[in-house]
Amino acid sequence: AAARRVWGLPATVLRGRFRRWWQARVPRSDTLVLGQRNVYILPTPAGLMFAATLVVLLLASINYQLNLGYVLTFLLAGSGVVSMHVTHGTLRGLTLRLRAPSPVFAGEPALLEAVLTSPDRPRFGIGLKVVDADATALSWLDVPAQGQTSAQVSFVPPTRGLHPLPAPRGPHERRPR
């Protein structure tokens, strides 16, 4: 366990620096319209494992001259690309509006309400959570056509006083262990 903490420390520091740099670039606002400039599909550990599996399948197909191996490799790669395209299409055009949370005591969870509005078509299977929340804190919702849906996500402020709201996060990202 100690070796895991030592090797995980540089990755955690690098991830924290990248997150602070990224959030400094994005202006703070309570309303955000998701579009091509602000919807990013980033690899998760499962996505990286999927890519590694595709590379191994491709190398095995090349080495053993397996035509059906090529078919399987490119079929799986195509399904991965199509799933990213569908994910981007589902999120593009949504309006995310955050409502101010009510005051809570230090150590108690604060509920942050996020309202998602779809201007045209229904959107299904959207998950929200705050950046440092556990995977069980994921809130799933469906947004009706030309309607809106609200979801509540929680975070625990560590100390008393005013705190900046944590950034919302999609279901495709995981918290480092």
Side-chain angles (χ1 to χ4, degrees), residues 1-23 25-26 32-96 114 116-149 151-153 166-177:
R4 185 175 182 177
R5 277 184 273 151
V6 170
W7 287 106
L9 185 63
T12 305
V13 170
L14 188 62
R15 187 176 293 120
R17 279 185 146 180
F18 178 74
R19 184 180 297 152
R20 284 189 301 275
W21 171 78
W22 184 258
Q23 289 178 354
R25 292 185 66 220
V26 178
L32 176 67
V33 177
L34 299 176
Q36 287 183 334
R37 292 184 176 262
N38 56 9
V39 173
Y40 304 100
I41 300 173
L42 301 174
T44 61
L48 293 174
M49 193 63 194
F50 179 69
T53 304
L54 288 178
V55 168
V56 168
L57 277 171
L58 182 62
L59 290 176
S61 299
I62 291 170
N63 191 32
Y64 294 111
Q65 298 175 0
L66 298 173
N67 289 334
L68 288 178
Y70 287 122
V71 170
L72 179 64
T73 301
F74 291 111
L75 185 69
L76 289 174
S79 68
V81 170
V82 167
S83 69
M84 287 188 288
H85 178 72
V86 168
T87 299
H88 189 270
T90 298
L91 295 176
R92 190 179 60 229
L94 281 177
T95 302
L96 174 71
L116 277 91
T117 306
S118 177
D120 49 7
R121 59 188 171 87
R123 317 293 173 103
F124 301 104
I126 298 172
L128 289 176
K129 70 176 187 172
V130 294
V131 170
D132 291 328
D134 192 13
T136 59
L138 194 58
S139 176
W140 292 95
L141 59 137
D142 297 329
V143 183
Q146 297 177 351
Q148 63 183 12
T149 301
Q152 290 186 341
V153 292
R169 218 169 152 170
H172 51 82
E173 298 174 330
R174 282 185 26 177
R175 178 178 179 222
R177 294 179 191 220

**OP:** Kindly give the heavy-atom pair with the smallest separation between V33 and N38, and that separation in Å.
**Re:** O-ND2, 3.0 Å
Subject >> Among L94, V86, T87, side-chain contact (heavy atoms from CB on, under 4.5 Å) partner for T90 >> reply: V86
Original post:
Who pairs with D142 by side chain to side chain contact (heavy atoms under 4.5 Å, CB included), at least two apart in sequence or on another chain?
Top reply: F124
Original post:
Sequence neighbours excluded, which residues qualify as side chain to side chain contact (heavy atoms under 4.5 Å, CB included) partners of H88?
Top reply: Q36, V39, I41, R92
Subject >> Heavy-atom closest contact (L138 atom, G127 atom, distance) >> reply: CD1-C, 3.9 Å
Subject >> Nearest non-hydrogen partners of S118 and P144, listed with the distance >> reply: CB-O, 3.6 Å
Original post:
With sequence neighbours excluded, what pairs up with Q148 under the side chain to side chain contact (heavy atoms under 4.5 Å, CB included) test?
Top reply: R97, V115, T117
Subject >> Residues that R121 engages under side chain to side chain contact (heavy atoms under 4.5 Å, CB included), provided they are two or more places apart >> reply: R123
Sequence neighbours left out, cut at 3.5 Å: what donor-acceptor pairs do the side chains of residues 63-82 make with other protein atoms?
{"unit_1": "T73", "atom_1": "OG1", "unit_2": "G69", "atom_2": "O", "d": "2.7"}
{"unit_1": "S79", "atom_1": "OG", "unit_2": "L76", "atom_2": "O", "d": "2.7"}

**OP:** May I ask you to test the I126-T149 pair for a side-chain heavy-atom distance under 4.5 Å?
**Re:** no
